[in-house]
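What follows is one structure encoded as structure tokens, with my remarks underneath.
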Amino acid sequence: IGFNLLLFWHGLFAGSYIVAFASGDDDFMGMHIAAGWMLIGLGFIRLLVAVFMPETSPWSLPWPNPVLIKAFRRHWEALDAAALFQGRNLMIVLSGLTVLTLSLLASFSGYLPGDDLHEGMANFSLMAVLAHGALILISQGMKKLKAAPPSAPSAKPKPDRPKFL
């Protein structure tokens, strides 16, 4: 149930991010502000829950640790792309933490004077979101490639050579 709740939280966070990013126009400022506050609240909830969860919980913050870093380095040096993207790997962990951090900074920067910093942070966070999404898609693709059975030899018989007199 913990992982399903985390997926639910992730959906709310991603949805709030999309609404906040898409409603930045003056005509939708109320929606933009509400979505920004939703991001702040969801980020606060995520951090608060993570403090009380054991490291094995999906709700714990996946801080890069020496084991994760060594595994990444080993897979990188071996050029093992399938292993490089399996499970909680270093790139996905760092990109997720970057998305959380930049999204919250972008939300809070909306209350500072001037719009340039807020717009810059929002655009920077979008790059992090797109990179995180790409890494997730690559990871899922690698998982499917690794799980696919090896191709079997063709059962179709080879044609015989023509017989001449």
Side-chain angles (χ1 to χ4, degrees), residues 1-22 24 35-112 116-154:
I1 191 167
F3 187 72
N4 288 337
L5 284 174
L6 182 60
L7 287 177
F8 180 70
W9 174 90
H10 194 273
L12 289 174
F13 192 83
S16 297
Y17 181 89
I18 291 168
V19 169
F21 200 87
W37 276 110
M38 184 78 162
L39 277 173
I40 291 169
L42 288 166
F44 178 74
I45 288 169
R46 176 75 172 94
L47 294 173
L48 185 66
V49 170
V51 167
F52 297 105
M53 288 294 149
E55 191 174 323
T56 56
S57 168
W59 280 87
S60 69
L61 283 181
W63 296 111
N65 57 43
V67 173
L68 197 61
I69 294 168
K70 284 179 185 175
F72 176 80
R73 189 175 291 149
R74 186 176 61 249
H75 298 311
W76 180 265
E77 289 170 355
L79 298 175
D80 188 357
L84 196 61
F85 287 98
Q86 292 305 305
R88 271 189 171 179
N89 66 67
L90 186 63
M91 292 183 294
I92 291 175
V93 165
L94 289 175
S95 68
L97 292 171
T98 302
V99 165
L100 185 61
T101 302
L102 290 177
S103 298
L104 293 176
L105 288 175
S107 297
F108 281 120
S109 70
Y111 295 97
L112 296 175
D116 291 343
L117 178 63
H118 181 59
E119 245 181 82
M121 289 299 298
N123 290 331
F124 197 46
S125 73
L126 179 62
M127 287 187 268
V129 166
L130 295 175
H132 183 63
L135 288 171
I136 298 292
L137 290 174
I138 291 168
S139 172
Q140 293 303 310
M142 289 293 180
K143 188 186 297 184
K144 289 185 186 211
L145 280 175
K146 192 173 183 177
S151 60
S154 176

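Atoms considered below: every heavy atom in the structure, side chains included; atoms not considered: hydrogens, waters and symmetry mates. Note that the numbering runs from 1 along the sequence shown for the chain.
The distance from the CG atom of Leu130 to the CG atom of Leu135 is 11.0 Å, given to the nearest 0.5 Å. Distance check: Met53 CE to Ser60 OG gives 9.5 Å after rounding to the nearest 0.5 Å. One finds the CG atom of Leu97 at 6.0 Å from the CG atom of Leu61 (value rounded to the nearest 0.5 Å). In this structure, Leu5 CG and Trp59 CH2 are separated by 6.0 Å, a value rounded to the nearest 0.5 Å. Between the NE2 atom in His75 and the NZ atom in Lys70 there is a gap of 13.5 Å [rounded to 0.5 Å].
For the pair Ala20 and Gly36, the tightest heavy-atom approach, listed with the atom from each and the gap, is CB-N, 4.2 Å. Shortest non-hydrogen contact noted between Ser125 and Leu102 is CB-CB, 3.8 Å. Shown here for Phe21 and Leu126, the closest heavy-atom pair between the two residues is CZ-CD2, 3.4 Å. Heavy-atom minimum distance, Ser16 versus Met38: OG-CG, 2.9 Å.
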Taking it one step at a time, do Trp37 and Tyr111 satisfy ring-ring contact (aromatic ring centres under 6.0 Å, His included)? CA-CA 11 Å; Trp37 276 110; Tyr111 295 97; 5.4 Å; yes

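Among Leu42, Leu12, Val129, the one residue that satisfies the side-chain contact (heavy atoms from CB on, under 4.5 Å) test with Tyr17 is Val129. The residue from Leu137, Leu100, Val99 that alone fulfils the side-chain contact (heavy atoms from CB on, under 4.5 Å) condition with His132 is Val99.
Sorted by first then second residue, the side chain to side chain donor-acceptor pair (under 3.5 Å) pairs that include residues 97-109, not counting sequence neighbours, are Ser109-His118.
Here the side chain of Ser95 pairs a donor or acceptor atom with the backbone of Ile92 at under 3.5 angstrom.
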